[in-house]
Asks: 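Here you go, one structure.
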Amino acid sequence: MSGPRQVLLQRLAPDVVVAQLGDDGDRGEVVRLREDELPAFVGGLEGTGAGSGPRWVWDDTTRWYPQVLAAGGRVRRCTDLRLVHRVLRRSPVVDQALLTGPDTAAWDEAQPLLLSGTALGGSAPAPEGLFELHPPAGLLDAAAELARQEAALAASPARGHLQLLAAAESAAALAAAEMTHAGLPWRADVHDRLLVTHLGPQPAAGEAPAALAAALARTRQALDAPSLNPDSPADLQRALRRAGLELPDTRSGTLSQVEHPAVAPLLEHRRLSRLHAANGWRWLREWVREGRYRPDHLPGGVVSGRWAAQGGGALSVPAVLRPAVVADDGWRLVVADVAQLEPRVLAAVSGDVDLARAAAGGDLYQGVVDSGAVATRSDAKLAVLGAMYGATAGSGGRMVEHLARRYPRAVEHLETAAAAGERGEVVRTWLGRGSPRPSGSWTQQAPDVPATDAELRERRSWGRFTRNFVVQGSAAEWASSWVALLREELWRLGGAGAGRVEQRPHLVLFLHDEVLVHTPAALADEVVGAVRTAAERAGRLLYGGFPITFPLDVHVCRSWADADDG
DNA sequence: AGACCGTGCGCC
DNA sequence: AAAGGGCGCACGGTCT
C-alpha cells in the first residue's frame with residue numbers, strides 16, 4: 001500500500017489545519033486536524049521505510065516543522081512555498097505574470113518564524129509569533145501559490161535549474177529546522193574556562209574583567225588620557241591626536257601600522273573587549289541551554305542565497321571558543337570543509353576547463369602557479385580573490401591581469417557580470433537566482449548626463465557586488481545542495497529503525513562551505529563517506545559532466561577545535 | 001525610552 | 001599580505 005505522493009497543509013484558523021492528500025494535480029482526500037494532531041498525522045504518512053513519505057507542501061517550514069520535530073518526527077521532503085516564492089520573484093528567467101496573484105504582496109513580505117530567544121530561552125521579548133501581528137503568513141492560500149509556482153517553473157527556459165534550486169532551498173529549510181532542533185553541542189564549563197584564561201575570573205555584574213581593566217589602564221597611561229573610552233572612536237581618535245598620531249580611522253589594521261607604546265595594549269583591549277561583549281558570560285547565559293546552542297538558521301537569508309543565522313552570531317563563533325564545541329560522550333563531530341569552493345564554482349559556471357584543470361590536483365592555487373600564470377601560491381590567491389571581489393589597485397589588481405591571460409573564460413565571466421551590474425542590469429546564479437535591482441540616482445541617468453564622482457563610485461561598487469554575486473550565489477546553491485544531499489545520506493546511515501533526528505547522525509552547523517555533523521562514534525567513518533558522497537553528488541547534480549571536483553578536508557574529532565588540520 | 005546610523009570586528 | 005564581496009552583533013552617538 002502506498003500513500004499520497006503529495007500533501008498540502010494549510011491553516012484555516014489558528015487551530016484548524018487542513019491537509020489535501022493528492023498526486024500531481026489530483027486533489028484527493030481532504031482531512032481536517034487540530035494543531036496538536038499534526039505530528040501524529042505527519043508520522044502516519046511519513047512511515048519509517050527508506051524512500052517513503054509524501055512531499056509536504058506548506059507555506060513556510062518554520063511554521064510547521066519544529067512541532068513535528070519536537071514530537072520526535074521527521075519528514076523526508078517538502079516544498080517551502082515562501083522560500084521558492086522569493087527565488088522565483090527575483091529570477092530573471094521567470095515570467096512574473098505567471099507568478100502574480102491577489103496575495104502576491106503578502107507572499108513577498110512573509111517572514112520566517114524565529115525560535116531563538118523566544119519559547120525555549122524564555123527571557124527575550126516579543127515573539128514574532130505564529131498568529132500575532134499579521135496572521136497572513138499562516139493563512140495565505142498555499143494551494144493557489146503552489147499552482148502559480150508550478151506554472152512559472154514549467155514555463156521557464158531554465159526550468160531544470162530552477163527546479164533544482166527550489167528543491168535545494170526546500171530541503172535546506174528542513175535541514176535548518178533540524179539543526180536548530182538538535183542544537184550545537186556546547187560545553188559551558190569549557191567556555192567558562194576559556195573566558196577565565198583570556199579575561200580573568202567572571203566579574204561582578206557591570207564590572208570589567210581583570211585582564212580588560214588592566215589593558216585599559218595601560219592604554220590610558222600610554223596615551224596620558226585617564227578617562228579615555230577606547231570603545232568610542234571619536235574619543236580615541238582625539239587621544240591619539242594629542243599623542244601625535246594622526247590616523248584616518250581607528251581600525252586595528254590602521255593602528256598596527258604605527259609605532260607607539262599605546263598600540264599594543266589598545267589592540268589587546270579591543271580583542272578582549274570584543275570577546276567579552278560578543279561571546280562572554282552573558283552570551284553563555286543567554287544562548288546555551290542544557291549543553292546546546294540553538295540559533296535560528298535561515299536558508300536563503302542573504303541576497304546571494306547564502307544562509308543567514310540569527311541568535312548569538314552563530315556564523316561567527318570565534319576560533320578561540322571552538323574548543324567549547326564538543327561531541328557528547330560516545331559521540332564524535334565530523335567536520336568537513338570544501339577547499340576553495342568559490343573558485344571551483346567559478347570554473348564550473350564559466351565553463352573554464354583550464355581553471356578546472358588547475359583545480360584537479362586538489363590545490364587550485366598551486367594549480368594556477370603550475371600553469372605558469374603567476375609565480376607563487378600567494379600571488380595565485382591574490383589574483384583569484386581579486387578577480388572575484390573586483391580588486392583594481394595594488395598587487396591584487398596586477399595579479400588579475402596575469403590570471404586573465406591564462407584563464408580568459410573565468411575572468412571574462414566575472415567581467416561580464418560586473419559590466420552588467422554597472423549598467424544596472426540583473427545578473428543570475430548558475431541555477432537562476434537573480435540579483436536585486438539597484439536603486440540610486442546613477443540607475444536612472446540619461447547617457448548624456450555626466451555622472452558625478454559619487455555616482456561613478458556607486459556604479460562601480462554595484463558592479464563589484466554583481467561580480468561577486470554570480471560566484472558567491474552559485475557557490476551558495478552548490479553548498480545548499482551538498483547539505484540537502486548529506487541530510488539524505490545521514491538519515492540512511494541511521495538505520496531503518498525509528499529514532500529521533502538527534503539520536504542518529506545529524507547536522508549541527510553549516511557555515512557557507514563547512515559542515516559539522518554530530519554522530520555516534522561507531523558511525524563516524526560512515527559519516528565521513530557520506531559527506532564525501534554528498535559532495536560528489538552535488539557536483540554532478542549541478543554541473544553534470546563538467547570536470548570539476550570538490551575535495552573536502554574532513555576530520556573526525558571530539559572538539560571542533562581539533563579540526564584545524566593535522 | 002526607543003529608533004536609527006556609523007564604526008569596528010568576528011566569521012565565511 | 002591586499003582592502004575588492006557577504007553577513008550579525010555590540011557599542012557610541014544622535015535624533016525623536
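Chain A is the first sequence line, chain B the second, and so forth, proteins listed ahead of strands; every chain is numbered from 1.
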Asks: What contact category does A:T392 fall into here, base, sugar-phosphate, or nothing, at under 4.0 angstrom with non-hydrogen atoms?
Replies: nothing
Asks: Would you mind telling me which of A:D108, A:V426, A:V303 makes a side-chain contact (heavy atoms from CB on, under 4.5 Å) with A:R90?
Replies: A:V303
Asks: Are any side-chain N or O atoms of A:D296 and backbone N or O atoms of A:L115, one a donor and one an acceptor, separated by less than 3.5 Å?
Replies: yes
Asks: Can you tell me the distance, in whole Å, between the CH2 atom of A:W283 and the C1' atom of C:dG8?
Replies: 13 Å
Asks: Expressed as a whole number of angstroms, how long is the span from A:L346:CG to C:dG5:C1'?
Replies: 14 Å
Asks: Please name all residues satisfying ring pair (Phe, Tyr, Trp, His ring centres under 6.0 Å) with A:H191, sequence neighbours left out, ordered by chain then number.
Replies: A:W186, A:W283
Asks: To the nearest angstrom, how far is A:L255 atom CG from B:dT7 atom C1'?
Replies: 13 Å
Asks: Rounding to an integer number of Å, can you tell me how far A:E458 CD sits from C:dG5 P?
Replies: 14 Å
Asks: Rounded to the nearest angstrom, tell me the gap between atom CG in A:D296 and atom P in C:dG8.
Replies: 12 Å
Asks: In residues 198-237 of chain A, what residues come within less than 4.0 Å of DNA chain B, judged by heavy atoms?
Replies: A:P233
Asks: Taking OP1 and OP2 of C:dG5, is either one under 4.0 Å from a side-chain nitrogen or oxygen of A:S304?
Replies: no
Asks: Just the atom pairs and distances: protein N or O near nucleotides 10-12 of chain B's N or O, under 3.5 Å.
Replies:
| from | atom 1 | to | atom 2 | distance (Å) |
| --- | --- | --- | --- | --- |
| B:dG10 | O4' | A:R274 | NE | 3.1 |
| B:dG10 | O4' | A:R274 | NH2 | 3.2 |
| B:dC11 | OP1 | A:A319 | N | 3.1 |
| B:dC11 | O3' | A:R322 | NH2 | 3.1 |
| B:dC12 | OP1 | A:R322 | NH1 | 3.4 |
| B:dC12 | O3' | A:D513 | OD1 | 2.5 |
| B:dC12 | O3' | A:D513 | OD2 | 3.1 |
| B:dC12 | O2 | A:R306 | NH1 | 2.9 |
| B:dC12 | O2 | A:R306 | NH2 | 3.3 |

Asks: Within this structure, what is the CG-to-P distance between A:L275 and C:dC11, rounded to whole angstrom?
Replies: 13 Å
Asks: Quick one: does any side-chain atom of A:S350 pair with a main-chain N or O of A:L346 as donor and acceptor, under 3.5 Å?
Replies: yes
Asks: Between A:L509 and A:E514, is there a side-chain heavy-atom distance shorter than 4.5 Å?
Replies: no
Asks: Mind checking whether A:W478 and A:F550 have ring centres under 6.0 Å apart?
Replies: yes
Asks: Checking the side chain of A:R344 only, and the main-chain atoms of A:A359 only, is there a donor and an acceptor separated by less than 3.5 Å?
Replies: yes
Asks: Base, sugar-phosphate, or nothing for A:N279, non-hydrogen atoms under 4.0 angstrom?
Replies: nothing
Asks: Identify whether the distance between the nearest side-chain nitrogen and carboxylate oxygen of A:E422 and A:R460 falls below 4.0 Å.
Replies: no
Asks: Classify A:G253 by what it touches in the nucleic acid, base, sugar-phosphate, or nothing, heavy-atom distance under 4.0 Å.
Replies: nothing
Asks: Can A:Q340 and A:D363 be counted as having a side-chain donor-acceptor contact under 3.5 angstrom?
Replies: yes
Asks: Hey, which sits more toward the 5' end of DNA chain C by its nearest nucleotide, A:L385 or A:S378?
Replies: A:S378
Asks: Could you check how far CZ of A:R467 sits from C1' of C:dG5, rounded to whole Å?
Replies: 10 Å
Asks: Using a heavy-atom cut-off of 4.0 Å across all strands, would you classify A:G312 as base, sugar-phosphate, or nothing?
Replies: sugar-phosphate
Asks: Rounded off to whole Å, could you give me the CG-to-P distance for the A:L240 and B:dG8 pair?
Replies: 11 Å
